[in-house]
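Quick notes on the structure that follows.
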Amino acid sequence: MMFLAILFSISVCFLLILIRLIAGKTTYDRILAANSIGTIVVLAISIHGFYMGRPEFIDISIVYALINFIGTVAVLKLFDKGKLGDK
Amino acid sequence: MITEIIINAFLVSFMLVIALFIVNTRKVIFTILLAGTYSLVAALMFVSLDAVDVAFTEASVGAGISTILFLAALSFLPKEEVQESFNKNDIFALSICLLIGGLLIWASYDLPMVGNENNPVHQHLVSDFIEGSKNHIGIPNVVTAILASYRGYDTFGETIVIYTAGLAVFILLYNRTSKETNKSVKNEISKK
Amino acid sequence: MIDSIINYSSIASLILGILFILIGSIGILRLPDVFSRIHASGMIDTAGTAFIILGMCLQSGISLITAKLIFIGIFIFFTSPITGHVTANLARKKGLKPITNNKGKTL
Amino acid sequence: MINFKSIILFFLLLGFWLLMSGHYSILITSLGIISCALCVYLTIKANILDNEMLPLYFFPRLLQYTLWLIKEILISNIETAKVILFKTEDPELFTVKSSQASNEGKVTYANSITLTPGTVTTQINENVFEVHALTKSFGDDVRSSQMDKMVSWLEKGK
């Protein structure tokens, strides 16, 4: 029951940041909000595993933590240079 | 049971909100950001439906690689989407889409109910796969065992495709001129 | 006895983590500009994540899951300043002026 | 090209692989050893195995530094929470000097500043950092250069 309550409170935080993601004035606000949502979802996936009683699926949150970092840096690099490659 | 329905409803409404905003935004980079967020919620949804392998794929391919591929493609695109005006041909296309979609939904009523244990799919082989795959092959994941080993013969074409893709990656990574360029770079450095 | 102590401390740690995450999200929503919002995002990435992962570690005991959780924590701990710094640096490079005290506050 | 660093990297990767796997039959573990060796080979071939990637000389004093940093992070988290809840933000932008010799030390210092909520490094120019702080007291914390001394101490732990 406790994990369910925590899952719901995380959803509330998700909603708050989603407002910033949609309403954010500059692109940097949106990128920051997307990155924070990624972190929150990483936590939510692992807590969901505990709620279902099968916490073996934490691998997904590891993958997501890696992907979230790479994606954010890729978006920022594209915004900086206008392309992803070196040439 | 109720709590699971509530969780799923929450996630689906998140996905709906994000999808509406994806349709609404005109800046392509925001669309990509929102699409990444969307597929991340989808991964959470698959976890709550107990489809862990699909969630794994969604997290790594849907949220990771496709976002980066979209970004790489974006550098060749204009930054803003052009607002398209309404065309008469669109009505024709729309009606065809609606017709075919309706037909497909109608046809789907003849399929057996999803999750019914009396379905022909669940009657034979499946139990054998689930019980025996660990001992037959020695790979703990049933999905991997079925894809890579049991279906090894009837997905022979698929295996060839994957092999070709791997070969292509090696050919791309293999630097044919590496030794010569290395020499020339070293020469330049020594000249300086 | 010890079980219940561990259980209660894990609940306390989870609730503390949720509180930090909630305050961080309020900060992301409320603070005036990008540079200030990075601080709130940093709160989610450090204290919120650390307390929630600590709570889950206490729940699962000594196992492979705990090791994986600790790895997630370390990874977020290492990557959070990089994304924060790159965002701030880019915003600065593209000429975004932070709201500072000598110019007065605007929301 | 197999040196001390590549061996340490191999064992770090292997430990990570074993952590992720959870199944320890001979077939699967040998696959893991092969993939770790491949990764180390690619790292050596790409020529990125240097101090920047694996700063081994940080390791002896790393534990003490991390504990100190965690304490700092906790304190500044509580301060930031207060600022967010009571709407007393008063942002400022200033520059500080760093006294580290190596690039890795500078990166560690800049990341430590960013990691403590309330202060963010926005630009790095040689050894002058531009820092954005949420309130004046956070700025004073950075200007007192306690963290600078700690990172310099960490760097000298050879």
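Since this is a predicted model, take the numbers as computed values, not measurements. Letters A, B, ... mirror the listed sequences (proteins, then strands); counts begin at 1.
A distance of 11.5 Å separates CD1 of D:Ile84 from CZ of C:Arg37, quoted to the nearest 0.5 Å. Between the NZ atom of D:Lys87 and the CG atom of C:Leu31 there is a distance of 10.0 Å, given to the nearest 0.5 Å. Separating the OG1 atom in D:Thr116 from the CE atom in C:Met43 is a distance of 13.0 Å, to the nearest 0.5 Å. The distance from atom CZ of C:Phe35 to atom CG of D:Leu134, rounded to the nearest 0.5 Å, is 13.0 Å.
Between C:Lys68 and D:Leu19, the shortest heavy-atom contact is CE-O, 3.3 Å. Closest of all the heavy-atom pairs between D:Thr121 and C:Ala88 is O-CB, 4.3 Å.
Surrounding NZ of D:Lys97 are at most 12 heavy atoms belonging to other residues, nucleotides or ligands under 6.0 Å away. More than 12 heavy atoms of other residues, nucleotides or ligands lie within 6.0 Å of CG in D:Leu67, so this atom counts as buried by the packing criterion. Within 6.0 Å of CD1 on D:Ile26 lie no more than 12 heavy atoms contributed by other residues, nucleotides or ligands. By the neighbour-count criterion of 12 heavy atoms within 6.0 Å, atom CZ of D:Phe4 is sparsely surrounded, having that number or fewer from other residues, nucleotides or ligands. In this structure, D:Tyr41 places its OH atom where only 12 or fewer heavy-atom neighbours from other residues, nucleotides or ligands lie under 6.0 Å away.
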Compile the donor-acceptor pairs under 3.5 Å between side chains in residues 11-19 of chain C and protein atoms, sequence neighbours left out, one pair per line.
unit_1	atom_1	unit_2	atom_2	d
C:Ser13	OG	C:Phe51	O	2.6
C:Ser13	OG	C:Gly55	N	3.2

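The part of D:Ala133 that comes within reach of chain C is its backbone (N, CA, C, O), which places non-hydrogen atoms under 4.5 angstrom from that chain. For C:Ser36, the parts lying under 4.5 angstrom from a heavy atom of chain D are both the backbone and the side chain. Contact annotation for D:Leu74: only side-chain heavy atoms (C-beta onward) come within less than 4.5 Å of a heavy atom of chain C. For D:Thr119, the part lying under 4.5 angstrom from a heavy atom of chain C is the backbone only. Of the two parts of C:Phe20, only the side chain, counted from C-beta on, holds a non-hydrogen atom closer than 4.5 Å to a non-hydrogen atom of chain D. Using a 4.5 Å cut-off between heavy atoms, D:Val107 makes no contact with chain C at all. Contact annotation for D:Leu85: only side-chain heavy atoms (C-beta onward) come within less than 4.5 Å of a heavy atom of chain C.
Not one N or O on the side chain of C:Arg92 forms a donor-acceptor pair closer than 3.5 Å with the backbone of D:Gln123.
Your options are C:Ile38, C:Asn89, C:Asp45, C:Leu90, and the one with the most heavy-atom pairs under 4.5 Å with chain D is C:Asn89. Comparing C:Gly48, C:Ala50, C:Gly84, C:Ala67 by heavy-atom pairs within less than 4.5 Å of chain D, the highest count is held by C:Ala67.
Qualifying salt bridge (Lys or Arg N to Asp or Glu O under 4.0 Å) partners for D:Asp140, counting only residues two or more places apart in sequence or in other chains: D:Arg143.
Contact check for D:Thr122 versus C:His85: no side-chain heavy atoms found under the 4.5 Å cut-off. Two residues are said to be in side-chain contact when any heavy atoms from C-beta on lie closer than 4.5 Å; C:Phe77 and D:Ile73 meet this criterion.
In this structure, C:Phe71 and D:Phe16 have tilted ring planes: the angle between them lies in the 30° to 60° band.
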